[in-house]
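Reviewing the structure listed below.
Letters go in sequence order (proteins before strands), and every chain restarts at 1.
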Amino acid sequence: MSISIDPSTLSTHFDSKLAEDKWGRAWTDTDLHRFDEGGEGARYVIDTPPPTVSGSLHVGHVFSYTQTDVLARFQRMCGRNVFYPMGWDDNGLPTERRVQNYFHVRCEPGVPYESGLSLPMADKAVRKEPVRRVSRANFIELCLALTAEDEKAFKGLWQRLGLSVDWSLEYSTISPDSRRLAQWSFLDLHRRGHVYQVEAPTLWDVDFRTAVAQAEVEDRPKKGAFHNLRFGVEGGGGFVIATTRPELLAACVAVAAHPDDERYKELFGRRAITPLFRVPVPIFPSPLVDREKGTGILMVCTFGDATDVQWWREEGLPLRQVVGRDGRLAPAEFGSEAFPSLDAEAANRYYQGLAGRTVREAQRAIVEMLRDPAGAAAGHGEPPLAGEPEAIEHPVKFYEKGDRPLEFVSTRQWFVRLLDRKQELIDAGERVRWHPDFMRMRFRNWTENLQLDWCISRQRYFGVPFPVWYPLLEDGAPDHSRPILADERSLPVDPLTDVAPGYGESQRDQPGGFTGEPDIFDTWFTSSLTPQIATGWVGAPERHKRLFPMDLRPQSHEIIRTWAFYTIAKAWLHEETIPWRHVAISGWVLDPDRKKMSKSKGNVVTPMHLLDEYGADAVRYWSLSARLGTDTAFDEKVLKVGRRLVTKVFNASKFVLAQSAPDGPVVRVLDVSFLARLQETVERATTLLEELDYAGALDAIERFFWSGFTDTYVEMVKSRARSETDAEGRASAVAALQLGLKVVLRLLAPYLPYVTEEAWSWGFARTQNAPSIHRAAWPSSEEFARLPSIDGGGAAFDASCAFLEAVRRGKSGAGATVGRHLARLRIAASPATTRLLEPCLVDLVAAARAEGEVLEAREGLEDGSFEIIDLELAEPRPRS
RNA sequence: AGGCGCGUGGCUCAGUGGUAGAGCGCUUCCUUGACACGGAAGAGGUCGGUGGUUCAAUUCCACCCGCGCCUACCA
């Protein structure tokens, strides 16, 4: 059944805003993207990345999320029952920091709860006041309130973009369901023996005052200096060590040099004496020492770096923790058992000038002390500082969201044991298909280099609490060796308000009673469960079984070591499986100078004005023309190209559907040949999309739409589609045009959902019995099956295009426009090409605006090439 | 330092063992009956460098240079 619309009833231009509003609402009202829970057919299950709702949106969000959406839409049109949820990762430090700044507050657990506290955004005046201290419960309420706001903004953007998310599957990582699953995960890992707690040196951020995991650590180049310090040796003599951290001298517990280093060999086994504090420490050999670095001999402290921690363990060294959790030097009593000294009085005098100071301040202070000869290890002689500090630049470990270097601080933390499962995790990573494939290396590389088990406890507030209490001994100290775990039926629990099993509230924090674990989980401990949260997992085991492992995990490459890694680890530890079969890694959006966009650089592009200016379809086009895994410089030109394509789809649809003819089969060679090329495009695009190469598919579709359909075929059959004399030819042309459009619109639908839906609604929605193009079937070869067969397939169409091109070139060379009529036209082609074009010639002559016999065979010409023998313009026709 | 990726017209990016592609920008031209939020034609590249394999290399291999990222590097 062919369609004929009156184009004058349609607007001249496509109004993207109107369409977005109209169709966005229609899709919501009809539950168009709803996953069919009871559906028996093939499913396609997506583990959508829950964005951190930090309040700020940028084009990077648009970019990667659209790349997922196009795959979801493709799969849905292929008839799969698509499970496409959206989550919000709302808990964690970024949120806490945003809430602190937004309301100008700090969480202070000791402060009493203020019922009904709600604060406005802090203005300038408020910011000048001292920070407002609020209780933990109030702080959490503020976090929840602000993230709810932020989530609204994100959801608005997603809907405007046309993400075909099933919003009934929306979740957040702080919701009661997520808390329950995260706590259940902890209990399960505990049951399986995968978690442990230990008091041990841990990477510690002194500003956030929390432990952090290896995955959240990054190195930053920092200026520092080698300080050469003279150490004494018991029984006389001395040597010079080099250190970048002289402020840790009081924490020195040993001295080490390379076992083969002739300079220091005779020192091994003897004891060194530190300057200022005059602490005797062992001198031991270690192959880990680099003879070339510094002076080749170094001091071992509590703790300057990871090697110090290693030596502390291996050599059984004592603990002298001088850097406190707040980043200041803690009090120390020299002459005590922990801090021995040959001259305790002098040591304490020196240390008094350091205690309470920050690490930076302490370094400045101690360097001055070290210039005093009285500080020498022997109590006299040369000053401990040999020469001036030598400035160097070296990498320093920072928490990725922190501002001051991390310290190793010995604290009690919970860990998930991973180091003994490296190989299993690497193998699991190999069983997942990575797109592009080389991203697999990132995962492998990271896993192989893993140094520490996963520290999952954070000394923070807005997050999922550990479902754990501890008994209090008679002296009131908690007994961490006997944690009381929550009953899994009681989850989620908050041990700070819920009572430990077997106790009464009156026993909280009383000797002989219990105390709640105040720590919360690392955010990744919960976000690594997004597949399980989305499926329902323990609460819905049957559903979980149906949906897990999932099909697709889209994400960006910088979080392979966190999100992908932890998610694979969790799935392995809990169920000995992989969480998903495919991972699609999106690239970054870079600024036009190819620099990473970041708030601190101030080069972030926000998306809303782009949607207003170019329309959602054009913005999607920009996102979808970038290949997976490839970083893309933001370029507004591509948005313009997208908008041009949208316009073209709109106009071409209008034209095609305005043609009318009685129903009839496609019979003409040109029409069949055109459709043969289209069919190839369908096959190619389908193959590429199945391989997640949406950008390659778009390229193929767009190229055909533009140069095969609108620039050429439409022009070739314009005349016949309106013919008053050739009824059969007219029917064939209109049928082919409409079939072509019907196919092309569906090919473009996942990319440009709004304009294709609009055009679809003009007729195909009715004739195809598919009210929405997004639930219409993806084009397949079957639709081309009833066409007559012709020799050469698309060859006649290709030759026709080349013919038209030659004519246009000729006209342009003669200074005429495409539409100019020709008084005379003679073109030569090879005999084979002439034969091939014979059945198409009527159309081509009409399209050329010529008359009569125009094509003649000539030996010696290459097949498919044309030579203009004669071309004479007709007199310009006056406009009627 | 190791690994991975990238280097193609002014710009953004495709692509391929056999004559180099698109869009933008640029030049010239056009309000033709879907479309000026359009259209036609044209100029513009020794495909980072050097070797090698091959009848043939921009494509495969080796080395080098430049850029980016990941990992390691706090004495």
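For the pair A:Asp711 CG and B:G23 C1', the interatomic distance rounds to 13 Å; values are reported in whole Å.
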Please list, one pair per line, the donor and acceptor atoms closer than 3.5 Å that link side chains of residues 297-307 of chain A to other protein atoms, with sequence neighbours excluded.
unit_1: A:Thr302; atom_1: OG1; unit_2: A:Arg320; atom_2: N; d: 3.0
unit_1: A:Asp305; atom_1: OD1; unit_2: A:Thr307; atom_2: N; d: 2.9
unit_1: A:Asp305; atom_1: OD1; unit_2: A:Asp308; atom_2: N; d: 2.8

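Residues A:Phe231 and A:Ile283 fail the side-chain proximity criterion, which asks for heavy atoms closer than 4.5 Å.
Checked by distance alone, A:Lys718 brings a side-chain donor or acceptor within 3.5 Å of a matching partner on the base of B:A34. Judged by atom type and distance alone, A:Glu805 does not reach the base of B:A41 through any side-chain donor-acceptor pair under 3.5 Å. With hydrogens and angles ignored, no donor-acceptor pair closer than 3.5 Å exists between the side chain of A:Lys397 and the base of B:C74. Contact annotation: side chain of A:Lys637 to base of B:C11, donor-acceptor pair present below 3.5 Å. Side chain A:Asn651 to base B:C37: no donor-acceptor pair is found below 3.5 Å.
Under the Watson-Crick or G-U wobble criterion, with both distances below 3.5 Å, B:C74 is left unpaired in every strand shown. Remark: B:C67 base-pairs with B:G5; criterion is Watson-Crick or G-U wobble with both hydrogen-bond distances under 3.5 Å. Base pairing analysis places B:G21 opposite B:C13; the two distances defining the Watson-Crick or G-U wobble pair are each below 3.5 Å. When both distances must be under 3.5 Å, the Watson-Crick or G-U wobble mate of B:A40 is B:U28. Nucleotide B:G33 forms no Watson-Crick or G-U wobble pair with any nucleotide shown, as no partner meets the under 3.5 Å limit on both distances.
When heavy atoms are screened at a 4.0 angstrom cut-off, A:Ile5 is found touching no nucleic acid atom at all. Within the nucleic acid shown, A:Ala652 comes within 4.0 Å of at least one base atom, counting heavy atoms only.
Rounded to the nearest Å, the gap between the C1' atom of B:C26 and that of B:G10 is 9 Å.
For the OP1/OP2 pair of B:A36 and a distance below 4.0 Å, the side-chain nitrogens and oxygens of A:Arg644 include no atom meeting the criterion.
A salt bridge is absent between A:Lys17 and A:Glu613; no separation between the charged side-chain nitrogens and carboxylate oxygens falls under 4.0 Å.
When the nearest nucleotides of RNA chain B are assigned to A:Phe14 and A:Trp311 by heavy-atom distance, the more 5′-ward of the two goes with A:Phe14.
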